[in-house]
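Here's the structure we're looking at; comments come further down.
Here the structure is a predicted model, which means the values were calculated and not measured.
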Amino acid sequence: MRYLPMRRSKLVGTEGPGSLVISPEGETAVVGALDFWFRDAYGNEAVNIEEFRITEPRLKAILGVDKFYKPPEFRKQSTNAFEVVPNSNIVMPLMRFPRWHYCSSCKTLKELELDQTSIYIDCPKCEAKRYFKQVPFVVVCEHGHLSDFPWHEWVHRNEHTTCTGSLRIKMSGGTTLDSWQVVCEGCKDRRSLKGVTSTYKDERAGSFLGDNLNSEGSKKYKCEGYRPWCGDIKEECEAPPVAILRNSINVYMSKKISAIAIPGNHSENVDWIISKIDSPAKYMLRLNLVRHDNMKDKISFIRDNLRMELKVNTTDEEIETALIYLESAATIEYDETELENPEAILREKEFEKLIEHVQSESLKIEPEWIYEDEETARNYYRPYLQRLSRVLRLKETIVLYGFDRKDEDMSKNYESYYPTLYRDYDTVKEKWLPAHEVYGEGVFIQLNLEQINKWETNPKVQKYFEQYLTRVRHVQHRTEEILSPRNVMLHTLSHFLIDEFANTSGYNRASIRERLYLGENQVGVLIYTSAGDSEGTLGGLVRLGEKKKFFPLLDQAIMKSEWCSSDPVCTELGESQGQGVNGLNGAACYNCSHIPETSCEHWNRYLDRNLVTDEEIGFFKSH
């Protein structure tokens, strides 16, 4: 493949190892495994990648890996022999996939190599150089394998065919695969591609491709187990293969976990030292620091190198505390019970900080409105809200730990995904995962827990939500943690607030995200925006957290949740049969409460306007 520009945020997301990326010309390539990262175009390993290291002890303790690294940016090597550009010419590994192409003139099929760069090649039938197009679909399975479509096997109706005749595609003029037919020039067998990307609606085992590739009465065709992002590697697999368009969303569903950086239980000096040592500009300092064996030498080294920046009253104990925090996750330990739901652990610690006044290098929080304050006594929302805070600065670390294909597997733990990112996970000396840091701002809203408990015990609310649970009980891959009236209500309110913030702040809806806190004693949401630049964003969102601006926006959000342009259909469908994927939504649709799916933690599921403002069961009508 030729070089393609790639963004760091995408490489720790939708374009991670094993994903398919598309060039502006429509060519598709698969991103290589982590074993191939941090190398130049000739396969030479980078001399030092310490500058790309990211420190996040909480995530490190949960995921159990050695390190996190952010994807490298491309740096051109200097033409000046006396100027050294560190980690120059590092490129991301890309392999051409799918490998099967067809001639743009005669439609002859040809299989190219993974490292093929040019697609203007000799056509055996045209006897001239022709432009070859990639076929439009690939084959995936539930175990994460990615294979080429079995062209020879399909046209001959036999997975063990020995015919090696040239294949050609014949098109009858339609725009769908129904009009495509594969013809073998050798034995003259032919077969239509009609239905190859079909899937079964029920939950029975099997697939259309697996059931229909071989002739009737023969055994079912199984996945071939290819992993092209690791090179030409194949492994045993018994899963049913599914043909799917190469640009479909479920070809690659990234698995990510994120955490907002929170200051530890240490002094302001320690937090300041941590931010200095861990800054990208100090990577040479970190590189030389590891060459010192004992803590005393390390403390002296830090004092010598940061003497102009250290505060006068900085003690050796504070430097030692900072170094221990940065060098390992030993200061953070979770037992087996906690690790059963690590997301809850992360959110619990974040929530504890979000309800405080915090001033640190990575997190700055200013309480704006608190329920207990006398000055808020006349506020209409006093019974409903507990706290409003402005988050002036935050740092979020996002880690990619694996991916699914075809369907999400909610039963797998983190560690079971790691081998999919590597060519040979067992032989890797340093187990690491790709990560990305973003900086931003936001507004934190905490609801009144006493009022929430009172509202949830209302018999009408309980009866309504029991009907909802009955509707979604058949859904296998549902998120149990959000299935309560308070959580669905808060999630829906968050979407309407994001709409109002987008209309006022200058940020579009796709750049504003939600972070829900749904623990037993947590009913809050952080609405924030972030950017990859270390300076973060420009304050357009956080200023909306001021009392005089926030409460009018909350009024607008609640008022808009009362009505949908699709009513009465939206409300009636929500109450009777549900809406959205698997009926997981109540009174919620694209015309009222949906936002860009990248902004929503639950992909526009688990929403219901009735729980916000319905006259009988709405939370904001309950007082």
Side-chain angles (χ1 to χ4, degrees), residues 28 96-114 116 119 121-141 145-200 204-226 228 232 234 236-248 251 406:
T28 306
R96 178 175 296 279
F97 200 84
R99 290 182 294 183
W100 281 94
H101 295 59
Y102 61 92
C103 175
S104 56
S105 178
C106 68
K107 305 299 185 293
T108 295
L109 280 163
K110 187 171 184 178
E111 187 176 17
L112 306 185
E113 297 298 325
L114 289 171
Q116 179 80 32
I119 49 175
I121 56 179
D122 292 326
C123 175
K125 190 171 183 65
C126 297
E127 297 183 346
K129 280 194 178 294
R130 291 285 188 263
Y131 172 68
F132 272 69
K133 298 180 180 179
Q134 278 177 312
V135 295
F137 45 85
V138 293
V139 175
V140 301
C141 84
H145 295 125
L146 179 67
S147 308
D148 275 297
F149 186 79
W151 295 96
H152 276 287
E153 293 83 353
W154 176 262
V155 70
H156 296 105
R157 294 176 171 81
N158 181 6
E159 63 179 296
H160 301 296
T161 181
T162 56
C163 180
T164 58
S166 177
L167 302 181
R168 194 152 64 94
I169 294 175
K170 286 193 174 182
M171 302 178 183
S172 59
T175 58
T176 65
L177 290 178
D178 294 1
S179 63
W180 285 35
Q181 196 173 62
V182 190
V183 179
C184 177
E185 299 287 322
C187 64
K188 305 304 179 183
D189 275 353
R190 61 178 57 211
R191 191 175 186 183
S192 170
L193 291 177
K194 182 178 180 180
V196 293
T197 57
S198 301
T199 55
Y200 294 139
R204 63 174 173 156
S207 67
F208 181 89
L209 176 62
D211 292 349
N212 293 277
L213 182 137
N214 290 312
S215 58
E216 189 174 348
S218 300
K219 68 175 184 177
K220 293 184 178 181
Y221 173 66
K222 302 293 184 181
C223 172
E224 295 187 6
Y226 279 107
D232 197 7
K234 181 180 179 181
E236 292 293 327
C237 183
E238 293 294 320
V242 176
I244 189 171
L245 293 175
R246 56 187 165 100
N247 59 352
S248 296
V251 167
K406 186 173 167 276

Just jot down the side chain to side chain contact (heavy atoms under 4.5 Å, CB included) partners of Thr164, sequence neighbours excluded, or say none.
none
Taken in chain and number order and not counting sequence neighbours, the residues that satisfy side chain to side chain donor-acceptor pair (under 3.5 Å) with Tyr226 are none
Applying salt bridge (Lys or Arg N to Asp or Glu O under 4.0 Å) as the test, list every pair that has at least one member in residues 102-114; sequence neighbours left out.
Arg99-Glu111
Test of understanding: with ring-ring contact (aromatic ring centres under 6.0 Å, His included), list the residues that count as partners of Phe137, not counting sequence neighbours.
Phe149, Trp151
Which residues satisfy the side chain to side chain donor-acceptor pair (under 3.5 Å) test with Arg246, sequence neighbours excluded?
Thr28
Please name all residues satisfying salt bridge (charged side-chain N to carboxylate O under 4.0 Å, His left out) with Glu153, sequence neighbours left out, ordered by chain then number.
none
Residues in side chain to side chain contact (heavy atoms under 4.5 Å, CB included) contact with Ser248, at least two apart in sequence or another chain:
Ile244, Leu245, Asn250, Val251
Taking salt bridge (Lys or Arg N to Asp or Glu O under 4.0 Å) as the cut-off, I'd like each qualifying pair that reaches into residues 184-200, sequence neighbours left out, listed once.
Arg168-Glu185
Salt bridge (charged side-chain N to carboxylate O under 4.0 Å, His left out) with Lys133: which residues, sequence neighbours excluded?
none
Return yes if some donor-acceptor pair links the side-chain N/O of Arg96 with the main-chain N/O of Gln116 below 3.5 Å, else return no.
yes
Apply side chain to side chain contact (heavy atoms under 4.5 Å, CB included) to the pair Val242 and Val139, showing each step before the final yes or no.
CA-CA 5 Å; Val242 176; Val139 175; 5.9 Å; no
Using the side chain to side chain contact (heavy atoms under 4.5 Å, CB included) definition, which of the options Leu109, Leu167, Thr161 pairs with Val155?
Leu167
Applying side chain to side chain donor-acceptor pair (under 3.5 Å), name anything that partners His152, two or more places apart in sequence or on another chain.
none
Quick one: list whatever passes side chain to side chain contact (heavy atoms under 4.5 Å, CB included) with Phe208, sequence neighbours left out.
Trp154, Ser198, Asn212
Under the 3.5 angstrom rule, does the side chain of Asn214 hit a backbone N or O of Lys219 as a donor-acceptor pair?
yes
To the nearest 0.5 Å, what is the distance between NZ (Lys222) and SG (Cys237)?
9.0 Å
For the side chain of Gln134 and the backbone of Phe97, is there at least one donor-acceptor N/O pair under 3.5 Å apart?
yes
